[in-house]
Amino acid sequence: RTKMGTSRKGSSPHASGRAIKAGRDKVTEPSPLRKPGRPRGGLCLSAFFAVLLLFAGCSSYRAEPLYDSAERSLSDGAYHEALEGYGRVIDEFPGSSFAAKSQYRIADIYDRHLNEPDKALQAYSEVRYMYPARGEARAAAAGMAGIYSRGGDHKKAVEEYQALLDGPAAERLIYKRLIAAEYLMM
């Protein structure tokens, strides 16, 4: 290119879609990410998250009656009906706070009321996998340790209890004692 911005071969300086700033030989590329004259979209993104939060709040509000119904079934000893109710909460409102509680309750029913340790272990594992940051995940680990201990698999029980040693001091003391008891039973 020459200093005037024209090509030596006679082609136009704007033939490639580039713009030349006046008084300079710099060539700038148009932005491929944004069309000229369009707003940046920050407002749209904010509105999207506001709507998302609104629906998340609404889902918890709508999940509560289903959860309460399942709790009543559990209290009445209708365990299979309670399992259905908790399952509906999980299926219909997977992002609500009641979903983690429901998954834990399902595991607890299989563990304590229906004496189905394999199903309880599966349900406890789902709590830990799907809701790792919730308190129900810690309770699920303790539930799994209990199942392993009752089944005579003390090594797995120790592993589960050891995963809980990062909790509050009072819990650590309890889990250390349970670990010691598991070693005595090996």
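Computed from a predicted structure; not experimentally measured.
Here the straight-line distance linking atom CD1 of Ile179 with atom CD of Glu159 works out to 10.5 Å at 0.5 Å rounding. Note that CD1 of Ile109 and CG of Asn115 are 14.0 Å apart. Values are rounded to the nearest 0.5 Å. The line from CG of Asp108 to CZ of Arg112 is 4.5 Å long, rounded to the nearest 0.5 Å. Distance check: Met130 CE to Ile90 CD1 gives 9.0 Å after rounding to the nearest 0.5 Å. The distance from the CD atom of Glu64 to the CZ atom of Phe93 is 11.5 Å, given to the nearest 0.5 Å.
Remark: Glu182 pairs with Ser149, His154, Ala157, Val158, Tyr161, Met185 by the side-chain contact (heavy atoms from CB on, under 4.5 Å) rule, at least two apart or across chains. Qualifying side-chain contact (heavy atoms from CB on, under 4.5 Å) partners for Leu121, counting only residues two or more places apart in sequence or in other chains: Met144, Ile147, Tyr148.
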Pair Gln122, Glu126 - check side chain to side chain contact (heavy atoms under 4.5 Å, CB included), show working. CA-CA 6 Å; Gln122 178 63 37; Glu126 289 177 25; 3.1 Å; yes
Trace of the side chain to side chain contact (heavy atoms under 4.5 Å, CB included) decision for Ser69 with Arg72: CA-CA 5 Å; Ser69 175; Arg72 282 190 298 280; 3.7 Å; yes
Would Lys155 and Asp153 count as a side chain to side chain contact (heavy atoms under 4.5 Å, CB included) here? Give the steps. CA-CA 6 Å; Lys155 183 177 178 183; Asp153 195 344; 4.2 Å; yes
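What you find for Leu74 and Ala82 is that their closest heavy atoms are N-CB, 3.7 Å. Contact record, Tyr104 with Ala140: CE1-N, 3.8 Å, taken as the closest heavy-atom pair. Listed here is the closest heavy atom pair of Ala99 and Pro94: CB-O, 3.5 Å. The shortest non-hydrogen separation linking Ala141 to Leu164 is CB-CD2, 3.8 Å. Of all non-hydrogen atoms in Ala137 and Arg128, the two that sit nearest each other are O-CG, 3.6 Å.
Leu178 and Tyr183 fall within the same hydrophobic cluster, defined by Ile, Leu, Val, Met, Phe, Trp and Tyr side-chain heavy atoms under 4.5 Å apart, directly or through other members. With hydrophobic clusters built from ILVMFWY side chains whose heavy atoms lie under 4.5 angstrom apart, Leu165 does not share a cluster with Leu173. Neither Val127 nor Tyr129 shares a network with the other; the hydrophobic side chains, linked directly or stepwise wherever heavy atoms of I, L, V, M, F, W or Y lie under 4.5 Å apart, form separate groups for each. Put simply, Ile106 and Val89 are part of the same group of oily side chains (I, L, V, M, F, W, Y) that touch within less than 4.5 Å, one to the next. Both Leu83 and Tyr67 are members of a single hydrophobic cluster when ILVMFWY side chains are connected at heavy-atom separations under 4.5 Å.
Using bins of under 30°, 30° to 60° and over 60° for the plane-to-plane angle, the ring pair His113/Tyr79 lands in the parallel bin.
Applying the side-chain hydrogen bond (donor to acceptor under 3.5 Å, both in side chains) test to pairs two or more places apart or on separate chains, those with a residue in residues 133-145 are Arg134-Glu136, Arg138-Asp166, Arg138-Glu171.
Using modelled atom types, one finds a donor on one side chain and an acceptor on the other under 3.5 Å when comparing Tyr86 with Glu71.
Atom CZ of Arg172 sits in a crowded spot, with more than 12 heavy atoms from other residues, nucleotides or ligands closer than 6.0 Å. A 6.0 Å sphere centred on CD of Gln162 holds more than 12 heavy atoms belonging to other residues, nucleotides or ligands. More than 12 heavy-atom neighbours from other residues, nucleotides or ligands sit within 6.0 angstrom of CZ on Arg150.
Relative to the ring axis of Phe98, Lys101 places its NZ or CZ within 45° and under 6.0 Å from the centre.
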